[in-house]
Amino acid sequence: MVVMACSELTGTIAKQRGVGLPLSFDHLIRKDRLAEWRRATVQAYNFFKHADRDPSAIMTTDDVERIEVLNDLTMLANISHLHTLGCNLDPAFSTFSMGITLIYPDVMDWKGLDEAFPDIAAARLNLGNPSRKTLLQAMRYALIKRGFLPDDRDLLVFS
């Protein structure tokens with residue numbers, strides 16, 4: 001819910017400032033997958049939004065996976081939006097953005113992303129497609145090394 005709230009906030013600020021957001025979902029998601037993306041977004045967040053109406057509702061494994069993808073891609077857009085709005089972001093956000101493009105290759109509009117971010121294109125071609133778990137573990141390690149997270153590396157298990 002926080003990721004979606006950030007998305008709504010950055011969208012509202014951009015609209016008030018008259019600033020276009022080049023990596024909005026209309027530009028980020030392949031045109032043939034955009035309607036599917038919007039349906040999944042509404043369905044996933046409605047579970048939380050209307051939980052009081054059906055307290056016996058249960059999230060399935062598919063629902064959880066859908067929200068993971070939704071949150072990852074929304075966070076990617078949020079990072080881009082914050083940058084576009086002039087926020088000074090830590091380099092860790094760029095690392096996250098690159099990683100997300102690597103683990104969701106079938107969703108991305110590579111032509112637009114490769115043109116906008118040639119460094120990401122080079123990394124994507126060199127690194128292949130790591131799993132989400134591997135990417136998040138590597139990012140956690142990087143954040144520990146930079147002092148943003150406590151040093152509990154003994155809990156990390158790379159597969």
Side-chain angles (χ1 to χ4, degrees), residues 1-52 59 63-149:
M1 299 304 288
V2 173
V3 173
M4 189 55 72
C6 180
S7 179
E8 291 177 16
L9 182 63
T10 56
T12 300
I13 292 169
K15 186 175 181 179
Q16 288 176 346
R17 292 183 182 176
V19 174
L21 299 174
L23 286 187
S24 70
F25 289 119
D26 289 342
H27 297 98
L28 183 63
I29 306 295
R30 288 183 2 205
K31 299 298 178 218
D32 63 319
R33 305 280 306 269
L34 197 52
E36 174 188 350
W37 169 260
R38 289 185 178 137
R39 278 191 306 276
T41 302
V42 170
Q43 180 184 9
Y45 283 113
N46 275 348
F47 179 87
F48 295 103
K49 186 176 176 182
H50 303 296
D52 61 326
M59 287 191 80
D63 294 330
V64 172
E65 289 172 1
R66 214 175 285 123
I67 286 185
E68 285 176 350
V69 172
L70 177 63
N71 283 341
D72 290 346
L73 295 175
T74 302
M75 191 62 165
L76 173 65
N78 289 344
I79 290 167
S80 169
H81 297 170
L82 289 169
H83 178 74
T84 299
L85 293 171
C87 293
N88 189 10
L89 301 175
D90 187 88
F93 287 103
S94 295
T95 303
F96 177 83
S97 298
M98 180 175 53
I100 292 304
T101 65
L102 295 174
I103 61 174
Y104 298 111
D106 58 327
V107 177
M108 299 296 149
D109 174 5
W110 288 114
K111 184 177 186 300
L113 283 171
D114 286 350
E115 289 171 4
F117 304 99
D119 293 344
I120 291 177
R124 176 177 59 83
L125 296 172
N126 289 328
L127 297 176
N129 301 107
S131 71
R132 182 179 190 272
K133 179 181 176 181
T134 299
L135 172 73
L136 294 178
Q137 287 174 334
M139 292 183 65
R140 181 174 176 79
Y141 178 74
L143 292 172
I144 289 168
K145 294 288 281 182
R146 297 200 52 204
F148 291 123
L149 292 175

If we only count heavy atoms from C-beta on, is the S131 to L135 side-chain gap below 4.5 Å?
no
Measure the OG1-CD distance between T74 and E8 for me, rounded to the nearest 0.5 Å.
10.0 Å
Can you tell me how far apart SG (C6) and CE (M75) are? Round to the nearest 0.5 Å.
6.5 Å
Less than 4.5 Å apart, any side-chain heavy atom of L136 and any of R140?
no
Under-4.0 Å salt bridge between E36 and R39
no
Say whether, by atom type as modelled, one donor and one acceptor occur between the side chain of R132 and the main chain of I103 under 3.5 angstrom.
no
Return the minimal non-hydrogen interatomic distance between T10 and L82, and the atom names on each side.
CG2-CD2, 3.7 Å
On a heavy-atom basis, the closest approach of L89 and I79 is CD1-O, 3.5 Å
Once you round to the nearest 0.5 Å, how far does CD1 of I13 lie from CG of L85?
6.0 Å
Apply side chain to side chain contact (heavy atoms under 4.5 Å, CB included) to the pair N78 and L9, showing each step before the final yes or no.
CA-CA 9 Å; N78 289 344; L9 182 63; over 6 Å; no
Check whether any side-chain heavy atom of D90 sits under 4.5 Å from a side-chain heavy atom of R146, and report yes or no.
yes
Correct closest heavy-atom pair for L21 and G11 would be CD1-CA, 4.1 Å
Under a 4.5 Å cut-off applied to non-hydrogen side-chain atoms, are M4 and N71 in contact?
no
Roughly how far, to the nearest 0.5 Å, is CZ of F93 from OG of S80?
13.0 Å
Please report the interatomic distance OG1(T84) to CZ(R17), rounded to the nearest 0.5 Å.
11.0 Å
